[in-house]
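So the structure is just underneath, and the comments pick up after that.
What you see below is based on every heavy atom in this structure, not just the backbone, and it leaves out hydrogens, waters and symmetry mates. Reminder, nothing fancy here: chain letters follow the sequence lines and each chain counts from 1.
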Number of protein chains: 2
Amino acid sequence: MTEQQPTSLRERQKEDRKARIIAAAKSLFLEAGLEKITMEAIAEIAGVSSVTVHNYYGTKSGVLLALVAESDRELLATLERGLRARGETLTDRVLGFFEIVCRHTQTHLDKAIWRQVIAASVSGTEPRFGKLYHELDNRLASVLIREVERMVGAGILPETVDPAHLGWALFNLQNARFIEFIAADGSSCEAGLQHLRNDLNALMPGGFPGR
Amino acid sequence: MTEQQPTSLRERQKEDRKARIIAAAKSLFLEAGLEKITMEAIAEIAGVSSVTVHNYYGTKSGVLLALVAESDRELLATLERGLRARGETLTDRVLGFFEIVCRHTQTHLDKAIWRQVIAASVSGTEPRFGKLYHELDNRLASVLIREVERMVGAGILPETVDPAHLGWALFNLQNARFIEFIAADGSSCEAGLQHLRNDLNALMPGGFPGR
DNA sequence: CAAAATTCTTTAGTCAATAAAAAATTTGAG
DNA sequence: CTCAAATTTTTTATTGACTAAAGAATTTTG
């Protein structure tokens with residue numbers, strides 16, 4: 001994530017502490033369940049006081065969001081790459097998007113963590129939090145928007161299509177199924193794909209809007 | 001809401017306590033903000049111990065869900081009634097659905113309460129909770145599904161449409177914008193409507209799928 | 001180098017949530 | 001009607017998230 005300009009000593013120390021904190025959180029998460037992640041435990045491993053963790057990340061969910069955000073760049077790269085290897089209908093692209101996000105989630109983090117993060121983003125107690133989370137959403141939605149733009153440019157979709165509107169609509173649709181996927185430990189990526197396929201077929205019978 | 005069979009004394013007492021608890025929560029919510037609603041305060045007004053409130057409703061959000069569920073029946077009635085007074089396109093019906101839900105929300109409860117409830121439904125710590133909330137969603141989605149069924153029956157939509165699939169897709173779309181509406185105190189019903197209109201136009205340019 | 005500014009830690013407290021023991025009360029048997 | 005058994009609530013105690021304020025360091029700056 002493009003570090004640069006190691007300005008003052010103070011700022012370097014702060015960056016270092018922050019890094020230690022999320023490293024501590026990650027290590028705790030790897031060796032035990034979410035229950036084991038207490039702010040005290042994180043603080044102790046990171047070598048700071050628990051108040052400092054709060055000051056940096058606001059809430060426990062804030063720390064978890066940092067974990068989520070870490071794998072964000074990687075997810076975006078995988079998306080850009082993986083989306084091309086799909087069918088040529090818009091439906092295929094959205095399904096591909098969903099599948100990549102789900103698999104990435106399964107590989108990199110626990111559903112329980114995502115639940116906490118999403119819940120916190122909705123409850124909106126922490127102002128910083130909502131902003132950060134919304135940025136992630138924006139970046140993800142942008143992938144779909146660019147995909148629509150590309151298809152309009154290639155003449156696959158008519159000029160009348162507004163890429164931003166269609167992209168966001170598709171993202172929201174997909175996101176609803178992602179949340180469903182996250183919500184229950186039992187629900188599989190395949191089930192989510194099937195549901196999303198049904199959604200898209202119902203709204204866009206031919207694989208494209210307004211056909 | 002259709003009381004019946006006052007079985008044993010114990011069960012009657014329990015129902016009475018439950019009623020007192022949600023009444024207490026409601027009174028507290030009316031005279032002060034969400035911050036003022038502590039489990040202790042609720043318990044004190046209801047004349048029970050705070051542990052009892054936890055035993056009955058699991059979490060504080062559980063109590064709030066009971067508040068939300070209370071106005072559920074009324075919302076459903078308003079929906080059935082109000083939806084008929086709309087335009088004849090599917091888009092118009094979905095927009096009407098969204099508008100009624102938003103206005104009902106504004107009238108009856110605070111956004112902050114909805115945020116807590118939705119967040120708790122996602123985080124899924126309390127198992128009973130997720131079940132209850134999902135039932136609310138099911139009832140709401142059913143309204144849209146029945147609307148689609150009606151339109152198929154009336155020949156407005158082709159027989160090839162699966163009402164359940166289309167109904168859920170539209171509900172999810174609408175719900176994403178509802179959550180957006182809830183998420184920020186500043187966001188208006190009108191802005192949500194505009195966003196949803198954009199979503200629907202992008203996916204169903206003619207006001208119906210596959211046209 | 002010393003005063004000033006910044007930042008962390010300590011300390012103390014509130015509140016949600018949970019567990020276990022203790023107390024009260026309904027219920028059911030005689 | 002009474003007393004033991006079953007159920008349920010309250011009491012008590014603890015953990016952990018989160019916040020506020022005062023105090024302790026340490027970097028920064030003149």
Compare side-chain N and O positions of B:Y56 against OP1 and OP2 of D:dT9 and report whether any pair is under 4.0 Å apart.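 Looking at the OP1 and OP2 atoms of D:dT9, one of them is under 4.0 Å from a side-chain N or O of B:Y56.
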Looking at residues at least two apart in the chain, or sitting in another chain, which of them share a side chain to side chain contact (heavy atoms under 4.5 Å, CB included) with [X]?
| X | result |
| --- | --- |
| B:E149 | B:I145, B:R146, B:P163 |
| B:H104 | B:S71, B:E74, B:L75, B:H108 |
| A:A176 | B:N172 |
| B:T89 | B:T91, B:D92, B:F208 |

If a pair satisfies side-chain hydrogen bond (donor to acceptor under 3.5 Å, both in side chains) and one of its residues is in residues 29-40 of chain B, list it, with sequence neighbours excluded.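 Non-adjacent pairs meeting side-chain hydrogen bond (donor to acceptor under 3.5 Å, both in side chains): B:E40-B:S50.
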Which residue pairs pass the side-chain hydrogen bond (donor to acceptor under 3.5 Å, both in side chains) test when at least one of the two sits in residues 57-69 of chain B, sequence neighbours left out?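 Residue pairs passing side-chain hydrogen bond (donor to acceptor under 3.5 Å, both in side chains), neighbours aside: B:S61-B:Q116.
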Is it true that a side-chain atom of A:R115 and a backbone atom of A:A183 form a donor plus acceptor pair closer than 3.5 Å?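 Yes, because the side chain of A:R115 sits within donor-acceptor range (under 3.5 Å) of the backbone of A:A183.
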Return the set of residues passing salt bridge (Lys or Arg N to Asp or Glu O under 4.0 Å) with B:E44 (not counting sequence neighbours), or none when no residue passes.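 Counting only residues at least two positions away or on another chain, B:E44 forms no salt bridge (Lys or Arg N to Asp or Glu O under 4.0 Å).
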Please find the earliest and latest nucleotides of DNA chain C, in the 5' to 3' direction, that have an atom within less than 4.0 Å of any heavy atom of chain B.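 From 5' to 3', the first and last contacting nucleotides are C:dA16 to C:dT27.
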Quick one: ring-ring contact (aromatic ring centres under 6.0 Å, His included) partners of A:F97, sequence neighbours excluded?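 Applying ring-ring contact (aromatic ring centres under 6.0 Å, His included) to A:F97 gives none.
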For A:F178, give me all partners under ring-ring contact (aromatic ring centres under 6.0 Å, His included), at least two apart in sequence or on another chain.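 In terms of ring-ring contact (aromatic ring centres under 6.0 Å, His included), with neighbours along the sequence ignored, A:F178 is linked to A:W114.
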Looking at DNA chain D, which of residues 112-122 of chain B put a heavy atom within less than 4.0 Å of it?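 Going residue by residue through residues 112-122 of chain B, none turns out to have a heavy atom under 4.0 Å of DNA chain D.
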What one-letter contact string describes nucleotides 16-27 of chain D from 5' to 3', where B marks a base within less than 4.0 Å of any protein heavy atom, S marks contact via sugar-phosphate atoms alone, and - marks no contact? -SBBB-----BB
